Number of protein chains: 2
Amino acid sequence: MKKLHTLSVLLILAANTLIAQESIFGEAASFLSPDLSSDGRVTLRLRAPEARNVYLTGNLLRQFKDTLSDGRIVGKERMIMSKNHDVWTITLDSVKPDFYTYKFIVDGVETIDPNNSFVARDVNNVSSVVIVPGNKSAYYLTRNVSHGTLQNIWYRSGFNNLERRMSVYLPAGYAESDKEYPVLYLLHGMGGDETSWTELGRLVEIMDNMISENKIQPMIVVMPNGNLAREAAPGYDSRGLSQPEFNLPFTMDGQFESNFPEIIDYVDRHYRVQRDPEFRAIAGLSMGGLHALYTSLEYPEKFGYVGLFSAATDPSSYNPEGLPEIYQDRATKLKRLWKTARPLIYVAVGKDDFIFAHSEEIRDELDALRVPYVYNESDGGHEWSNWRHYLMDFLPRLFLPVSQ
Amino acid sequence: MKKLHTLSVLLILAANTLIAQESIFGEAASFLSPDLSSDGRVTLRLRAPEARNVYLTGNLLRQFKDTLSDGRIVGKERMIMSKNHDVWTITLDSVKPDFYTYKFIVDGVETIDPNNSFVARDVNNVSSVVIVPGNKSAYYLTRNVSHGTLQNIWYRSGFNNLERRMSVYLPAGYAESDKEYPVLYLLHGMGGDETSWTELGRLVEIMDNMISENKIQPMIVVMPNGNLAREAAPGYDSRGLSQPEFNLPFTMDGQFESNFPEIIDYVDRHYRVQRDPEFRAIAGLSMGGLHALYTSLEYPEKFGYVGLFSAATDPSSYNPEGLPEIYQDRATKLKRLWKTARPLIYVAVGKDDFIFAHSEEIRDELDALRVPYVYNESDGGHEWSNWRHYLMDFLPRLFLPVSQ
């Protein structure tokens with residue numbers, strides 16, 4: 001064994017000293033948080049010797065709402081944690097498999113879990129993340145399979161001459177083949193952006209895993225930013241680090257839909273894609289459902305598949321001066337859409353969705369027109385848990401070989 | 001003006017109801033945090049009526065260390081905030097322009113700033129982010145210029161037959177031209193991963209902005225993951241959401257360096273690159289400096305530029321049983337490197353760096369061999385503030401046209 005010299009000793013000290021010098025490594029905890037057991041028990045822990053009360057909050061509590069040991073506070077639910085030797089703990093039993101977000105409330109202040117490095121931003125809310133693995137949620141985790149590529153690309157928009165950012169998923173094998181691929185345009189909701197489907201929708205993991213199991217066709221997924229006034233997600237546009245806003249202009253005024261062909265154009269020019277409508281799908285959640293619907297109604301020759309996930313399909317309140325032409329005469333346009341390309345129309349909504357009526361109205365119109373559609377009525381409301389499931393239910397219906 | 005019907009009214013309620021239903025929008029604060037004034041004053045605020053003490057911590061306090069009004073706690077610095085009408089506030093004057101991270105300590109618990117949506121993870125530490133704009137840090141913000149593409153791609157490694165993830169930056173115009181581009185291989189430090197240079201190094205913004213000002217050549221930047229035992233950054237590998245570790249196997253045992261040609265191979269096959277050594281650079285920070293150095297020493301015919309940023313160039317302590325061959329006879333190999341391709345060697349280190357001696361030893365060896373190099377001795381220590389500056393100092397030296 002070689003003699004260690006002075007520099008080696010310095011380097012042995014490196015890990016600890018680095019910590020001190022840049023505070024890059026958090027305090028070592030003597031516990032895990034989150035701590036998952038194989039039977040779905042989730043334990044969260046927080047060292048907080050000085051705190052007088054610590055609560056757990058977030059959609060991790062969804063299924064426990066009725067059994068909360070503490071009252072509600074405005075718009076949120078919380079569950080009290082108990083203190084033992086300076087560590088506050090809570091254990092939830094039989095948590096349904098899903099991707100969840102949570103926070104602690106420490107003496108009235110919301111915090112992420114300092115022992116959990118995984119966080120997600122939803123509009124302006126940064127929370128800790130935990131995935132309880134199960135039947136569907138197992139698809140939200142990376143597996144040792146062939147992986148697709150995620151790209152952040154920019155296209156020039158004719159609407160305001162801005163460069164605008166899109167997320168593009170290319171399936172495994174794209175770079176190694178000469179094949180042309182079908183394309184799914186996948187749209188986010190109000191307050192979201194081009195990162196929402198990858199960050200909260202687990203798009204990359206779902207695609208990689210479902211493709212590797214041959215449950216779905218290999219396809220390109222294009223996720224544009226639905227706010228035409230913005231270049232990109234917060235932090236990536238030239239307005240600097242200005243905080244996210246929920247309500248933005250140019251989102252429900254028909255401009256996004258009427259300008260959609262420039263996005264298809266960019267994709268057709270830059271990627272190896274199949275250009276016939278039976279190889280092009282459009283889908284979106286909430287506001288993205290509105291965008292998907294009216295884009296397909298305006299350009300009925302372009303899409304073979306239209307997916308509406310908890311769609312917010314009534315733009316009236318955003319256009320008090322009167323509806324833009326693109327939002328008018330919907331029934332007539334639905335009929336034209338059906339006659340033009342006979343697309344597969346998919347409508348999914350949760351029983352408790354506060355805009356359940358929007359989907360109902362669309363279904364009534366389709367029924368009256370005798371236009372067929374797939375309908376998926378789920379439990380739950382207007383939430384990512386449903387949107388991931390709708391996506392996984394929608395994807396296997398896309399781009400099926402003619403022989404099937 | 002059209003009559004609003006029931007669905008419209010429902011939609012008017014949408015924003016507020018959505019908030020209640022998924023807690024996607026944080027509580028509206030009546031104040032900004034962080035709040036930047038044009039003269040470099042930074043104010044942080046936190047509503048915490050019940051808290052008994054609130055401190056500010058993080059490298060935002062770096063320049064104020066000597067004037068802290070409160071004592072130190074182990075390995076960290078903190079500054080007390082003052083309470084006024086339930087809101088704790090601190091104002092820092094004349095903060096040096098830079099990219100900073102910070103947290104609050106609320107009754108002993110570290111939290112991010114709940115009013116700031118921008119966070120960054122450094123190893124296992126998630127902090128709030130603020131950029132104070134100035135001479136250099138203005139390059140860390142997206143501008144309205146032509147943007148490059150960022151890709152997360154996967155290559156198959158022969159070392160353990162894993163698919164492994166890399167970040168690849170392609171300059172603006174790449175997709176629209178037939179040009180071949182030079183390549184910079186840019187490596188992270190211990191505890192980092194393939195996301196470190198983009199998340200903490202502001203690589204995309206720096207490249208876009210410097211290229212748009214013609215300060216540097218358009219180039220491809222490839223950022224592999226330096227831990228051969230890992231597929232990808234925490235959360236993106238098939239081990240699921242297992243928490244980041246600082247010390248990993250297969251990082252300083254010579255395997256990363258000896259297997260480096262498979263990365264070059266992948267890049268040469270998948271991108272339009274100039275393949276001569278004068279169009280290929282390698283650089284890294286801390287452990288990535290070790291990787292850059294010994295990779296170039298092992299494959300001297302491959303690189304025209306070698307950048308060592310606060311390099312941790314002594315792997316002895318990680319190899320107590322004896323140094324692998326690749327780490328032996330450094331002086332001989334330095335001489336061979338110089339004779340083979342006469343690369344531009346760049347050494348940068350901060351005066352206060354705890355491994356300053358590593359760079360000193362390399363310089364002594366180069367001096368003894370009469371091999372020229374560029375030396376940049378800066379203020380400060382082993383920290384991202386320096387690494388971003390070193391990158392910005394290194395980039396303009398790369399791939400200069402022969403005519404210059």
Side-chain angles (χ1 to χ4, degrees), chain A residues 2 4 7-8 11-12 15 17 20-26 48 50-51 75-76 106-112 114 117-119 121-126 131 141-144 147 149-154 163 175 235-238 240-241 243-244 246-247 270 314 316-317 322 354 381-383, chain B residues 2 4 7-8 11-12 15 17 20-26 48 50-51 75-76 106-112 114 117-119 121-126 131 141-144 147 149-154 163 175 235-238 240-241 243-244 246-247 270 314 316-317 322 354 381-383:
Chain A
K2 298 216 166 182
L4 299 180
L7 288 176
S8 314
L11 205 56
I12 285 175
T17 320
Q21 202 159 353
E22 265 276 78
S23 300
I24 60 173
F25 205 66
E50 299 172 45
K76 299 195 197 300
V106 180
D107 289 351
V109 178
E110 289 197 2
T111 84
I112 57 172
S117 297
F118 301 109
V119 296
R121 177 183 63 83
D122 198 351
V123 194
N124 72 347
N125 198 357
V126 177
I131 294 181
L141 290 162
T142 306
R143 300 179 194 164
N144 186 9
H147 297 292
T149 296
L150 182 68
Q151 306 189 338
N152 299 319
I153 63 101
W154 299 74
E163 278 210 12
Y236 295 99
D237 76 7
S238 62
L241 299 188
Q243 298 299 325
F246 185 76
N247 245 312
H270 287 81
D314 184 348
S316 315
S317 59
F354 74 101
H382 207 78
E383 53 199 347
Chain B
K2 300 216 168 185
L4 300 180
L7 288 175
S8 314
L11 204 59
I12 285 174
T17 320
Q21 202 159 353
E22 264 278 78
S23 299
I24 60 174
F25 205 67
E50 300 173 45
K76 300 195 196 302
V106 180
D107 289 352
V109 177
E110 289 197 1
T111 86
I112 57 172
S117 296
F118 302 109
V119 297
R121 177 182 63 83
D122 199 350
V123 193
N124 71 347
N125 198 356
V126 177
I131 294 181
L141 290 162
T142 305
R143 299 179 194 165
N144 185 8
H147 297 292
T149 295
L150 183 68
Q151 306 187 338
N152 298 319
I153 63 104
W154 298 74
E163 277 210 12
Y236 297 99
D237 76 8
S238 62
L241 300 188
Q243 298 299 325
F246 186 77
N247 245 313
H270 286 81
D314 184 347
S316 314
S317 59
F354 74 101
H382 208 76
E383 54 201 345

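Below, read A as the first sequence line, B as the second, and so on, with proteins coming before strands; counting in each chain starts at 1. Because the structure is predicted, anything quoted here is derived from the model rather than measured.
The candidate from A:Val106, A:Thr111, A:Thr149, A:Asp107 with the greatest count of non-hydrogen atom pairs under 4.5 Å with chain B is A:Asp107. Counting heavy-atom pairs closer than 4.5 Å to chain B, the top-ranked of the candidates A:Leu141, A:Val119, A:Ile112, A:Ile131 is A:Ile112.
A pairwise comparison of heavy atoms in A:Thr142 and B:Gly235 identifies OG1-O, 4.0 Å as the closest pair. Across B:Ser117 and A:Val126, no two heavy atoms sit closer than the pair O-CG2, 3.6 Å. Across every non-hydrogen atom of A:Ser238 and B:Asn144, the tightest pair is CB-N, 3.5 Å.
Interface residue B:Ala51: only backbone heavy atoms are found under 4.5 Å from chain A. In this structure, the portion of B:His270 lying under 4.5 Å from any heavy atom of chain A is its side chain and not its backbone.
Rounded to the nearest 0.5 Å, atoms CZ (A:Phe118) and CG (B:Asn124) are 10.0 Å apart. Atom CD in A:Gln151 sits 10.5 Å away from atom CD1 in B:Ile153 (nearest 0.5 Å). To the nearest 0.5 angstrom, B:Asn152 atom CG is 5.5 Å from A:Leu150 atom CG.
Remark: side-chain polar atoms of A:Glu110 are not paired, donor with acceptor, to backbone N or O of B:Pro114 under 3.5 angstrom.
Take B:Asp237 and apply the side chain to side chain contact (heavy atoms under 4.5 Å, CB included) test, not counting sequence neighbours, and it matches B:Arg230, B:Glu231, B:Ala232, B:Arg239.
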